[in-house]
Amino acid sequence: WIYGIAGSGKSSIAGSFVDYLSSGTRKSPPAFFCSRTLGNDFHNPDKVIPSLVCRLAKIFKPFGKEIAGLLKEDADLGHITSQDSFKALLLEPLKKIELAPDFKAPSIPFILIVDALDECGDTTQQKEIIKQLAQLNGLKFGSWIKVFLTSRPTEEIIECFASLQSKILHINLNHVL
């Protein structure tokens, strides 16, 4: 988790990280850039998980096949709340993929990027997204799926990260600058 005051470079770092990851043999990583100024979709918390799922499905074929199968069975899955979409579209499909007898974890981890989380929804929704994504660390696929998150250090977000039992690297840009 990279955090700092407004203008400290969090979004620049996130954008540069996406560019760096895209420059290799992989396609662009799953990323969601929150913003209150770009329009409703960019600060709607219900768009974060589905957006990450869609992008991960494009670059990770087993996951893409699993998601396509789920949507074929129930087309309404694309229109559920963020709380339900995390479990139905991200967590459970990843668990199912890992249980497949022929599964081999990718040698290079997939990185899910969420920039400016503090600009997405209200504090309750922000904390929900943090807790959801932190669940990925505690599972078997924690070694091949990582989360890169940036935000301002609001009291609620700091408390949420402090309450998690997951391994989280905190980078405070206020101390770097």
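We find the CD1-NZ distance between Ile97 and Lys61 to be 13.0 Å, quoted to the nearest 0.5 Å. Between atom CD of residue Gln125 and atom CG of residue Leu117 there is a gap of 10.0 Å, rounded to the nearest 0.5 Å. Of the inter-residue distances, the one linking Ser151 atom OG with Lys10 atom NZ reads 7.5 Å to the nearest 0.5 angstrom. We find the OG1-CD distance between Thr124 and Gln126 to be 8.5 Å, quoted to the nearest 0.5 Å. Taking CG from Leu91 and CD1 from Ile49, the interatomic distance works out to 10.0 Å, rounded to the nearest 0.5 Å. Annotation: the span from Phe110 atom CZ to Leu112 atom CG amounts to 9.5 Å, rounded to 0.5 Å.
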Candidate pair Asp115 and Val18, rule side chain to side chain contact (heavy atoms under 4.5 Å, CB included), full reasoning | CA-CA 11 Å; Asp115 178 55; Val18 168; over 6 Å; no
Do Ile2 and Leu149 pass the side chain to side chain contact (heavy atoms under 4.5 Å, CB included) test, and can you show the C-alpha distance, the side-chain angles, and the key distance before you say yes or no?
-> CA-CA 6 Å; Ile2 293 181; Leu149 197 143; over 6 Å; no
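Minimum interatomic distance between Leu173 and Gly9 (heavy atoms only, all atoms of both residues): CD1-C, 4.1 Å. Taking each heavy atom of Leu89 and Val53 in turn, the nearest pair found is O-CG2, 3.5 Å. Across Ile113 and Leu52, no two heavy atoms sit closer than the pair O-CD2, 3.7 Å. For the pair Glu98 and Trp144, the tightest heavy-atom approach, listed with the atom from each and the gap, is OE2-NE1, 2.8 Å. Among all heavy-atom pairs drawn from Ala116 and Thr150, the shortest one is N-OG1, 2.9 Å. The minimum heavy-atom distance linking Pro50 with Ser85 is given by the pair CD-OG, 3.9 Å.
Looking only at side-chain heavy atoms (C-beta outward), Glu128 and Phe86 stay at 4.5 Å or farther from each other. You'll find the side chain of Asn172 stays beyond 4.5 Å of the side chain of Pro153, heavy atoms only. The shortest distance between side-chain heavy atoms of Leu90 and Leu56 falls below 4.5 Å. In this structure, the side chains of Ile145 and Ile111 stay at 4.5 Å or more apart for every pair of heavy atoms. Side-chain contact between Arg152 and Glu119: present, with at least one pair of heavy atoms (C-beta onward) separated by less than 4.5 Å. A 4.5 Å side-chain heavy-atom check between Phe148 and Ile13 finds at least one atom pair inside the cut-off. Tyr3 is not listed as a side-chain neighbour of Ile171, based on a closest heavy-atom distance of 4.5 Å or more. When side chains are defined from C-beta on, Val147 does not count as touching Val114, because their heavy atoms never get closer than 4.5 Å.
Using cut-offs of 30° and 60° on the angle between ring planes, the pair Phe60 and Phe103 is perpendicular. The aromatic rings of Phe161 and Trp1 lie parallel to each other, with less than 30° between the two planes, well short of the 60° mark.
In summary, the side chains of Thr154 and Asp118 do not present any donor paired with an acceptor at a separation below 3.5 Å, with no hydrogens or angles considered.
Classification of Lys95 and Glu92 as a salt-bridged pair holds, one side-chain N sitting under 4.0 Å from a carboxylate O. Contact check on Glu156 versus Lys127 returns no salt bridge, with no Lys/Arg side-chain nitrogen under 4.0 Å from an Asp/Glu carboxylate oxygen.
In terms of modelled atom types and a separation under 3.5 Å, the side chain of Ser163 and the main chain of Cys160 share a donor-acceptor contact.
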